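Note that this is a predicted model, so its numbers are computed, not measured. All residue numbers in this chain count up from 1 along the given sequence.
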Amino acid sequence: AITLTTVATVLITMSIAPLLTALFSRAFLHHRLPVRTWVAIGVAGLGIAWMFGQQALSGGGSMTGALVALGVPIAGATNWTLLQYLHQRHARDPSVQAPDMLPAVLLGALISALVTLPMSLPLSATAHDLSLLALLGVFQLAIPCLLVVQLTRVLPAPEISLIGLLEVIFGVLLAWVGA
């Protein structure tokens, strides 16, 4: 998505995840969210609308990139809703063993690596590049993914998705620092 549009458009598109997660958990899990969560989603939605409006008015970014980026919040909302469903099912029926989702994180990472490998060939990364990628892989992907999978046991899906908005804030910050 970032190759098709601006970083800002991708991050703004990704930031609709809490709204989608709230709607998915309401529709599929019949969650009744607290007013504070809806208020937080509403405030975030206003900020998203303002940022997207500013981006659209400035003529930055393509809609194709935004549509590709839309896959991230849809996948995230689906993921959080499914994890919540699994934990709810275990809570309702103690005879059903709660699944350990940590191996699923590893499996997902391996599948992602295999799918994206052909797009990275011919590999021209230096040892320095690979060490930076490994560092980011551990501290930006692996550890946060493992922590958030554990969080699904105690926090509702929409609240986890709201925490995920920190990626948008830090993404903008890191893009600004990098520029």
Side-chain angles (χ1 to χ4, degrees), residues 1-29 31 33 37-85 104-105 107-121 125 129 132-133 136-137 139-145 147-149 151-152 155-179:
I2 290 176
T3 62
L4 298 172
T5 189
T6 64
V7 171
T9 300
V10 170
L11 291 172
I12 291 166
T13 303
M14 287 172 48
S15 66
I16 68 166
L19 176 61
L20 289 178
T21 306
L23 294 174
F24 282 17
S25 67
R26 178 74 178 126
F28 300 115
L29 303 176
H31 276 184
L33 298 175
T37 303
W38 282 113
V39 168
I41 290 170
V43 169
L46 288 173
I48 293 163
W50 179 77
M51 288 186 297
F52 202 74
Q54 294 297 319
Q55 184 75 12
L57 290 175
S58 71
S62 79
M63 287 310 293
T64 305
L67 289 174
V68 170
L70 190 59
V72 173
I74 291 171
T78 302
N79 184 36
W80 304 138
T81 304
L82 284 171
L83 285 170
Q84 288 286 291
Y85 169 75
V105 173
L107 184 61
L110 291 174
I111 291 170
S112 295
L114 286 174
V115 167
T116 58
L117 180 63
M119 293 179 262
S120 69
L121 297 175
D129 294 339
L132 289 175
L133 288 171
L136 285 172
F139 291 102
Q140 186 183 10
L141 290 173
I143 292 173
C145 283
L147 288 173
V148 81
V149 165
L151 274 177
T152 60
L155 287 178
E159 290 182 17
I160 292 171
S161 192
L162 278 170
I163 292 170
L165 281 181
L166 291 173
E167 181 178 0
V168 175
I169 294 167
F170 289 121
V172 170
L173 178 67
L174 289 173
W176 180 76
V177 168

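Counting all heavy atoms, side chain and backbone alike, His31 lies closest to Gln84 at CE1-OE1, 3.7 Å. In plain terms, the two heavy atoms of Ser15 and Pro18 that are nearest each other are O-CD, 3.3 Å. Residues Leu33 and Ala22 approach most closely at CD1-CB, 3.5 Å, considering heavy atoms. Between Pro118 and Val115 the shortest heavy-atom distance is CD-O, 3.3 Å.
For the pair Ile16/Leu70, a side-chain contact is recorded, criterion being any heavy-atom separation below 4.5 Å from C-beta on. Side-chain contact between Ile160 and Leu83 is absent, with no heavy atoms from C-beta onward closer than 4.5 Å. Within the 4.5 Å cutoff, the side chain of Val72 has no heavy atoms near those of the Thr13 side chain.
No donor-acceptor pair closer than 3.5 Å links the side chain of Gln140 to the backbone N or O of Leu133. For the pair Ser161 (side chain) and Ala157 (backbone), a donor-acceptor distance under 3.5 Å is absent. Side-chain atoms of Thr5 never come within 3.5 Å of backbone atoms of Ile2 as a donor-acceptor pair (strictly under, hydrogens ignored).
Applying side chain to side chain contact (heavy atoms under 4.5 Å, CB included) to Leu162 and the options Leu155, Thr37, Thr21, Leu19 leaves one that passes, Thr37.
Here the straight-line distance linking atom OG1 of Thr78 with atom CZ of Phe28 works out to 8.0 Å at 0.5 Å rounding. Here Phe24 contributes atom CZ and Asn79 contributes atom CG; the two are 11.5 Å apart, rounded to the nearest 0.5 Å. Annotation: the span from Leu82 atom CG to Ser25 atom OG amounts to 12.0 Å, rounded to 0.5 Å.
For Leu110, the side chain to side chain contact (heavy atoms under 4.5 Å, CB included) partners two or more places apart in sequence, or in a different chain, are Leu106.
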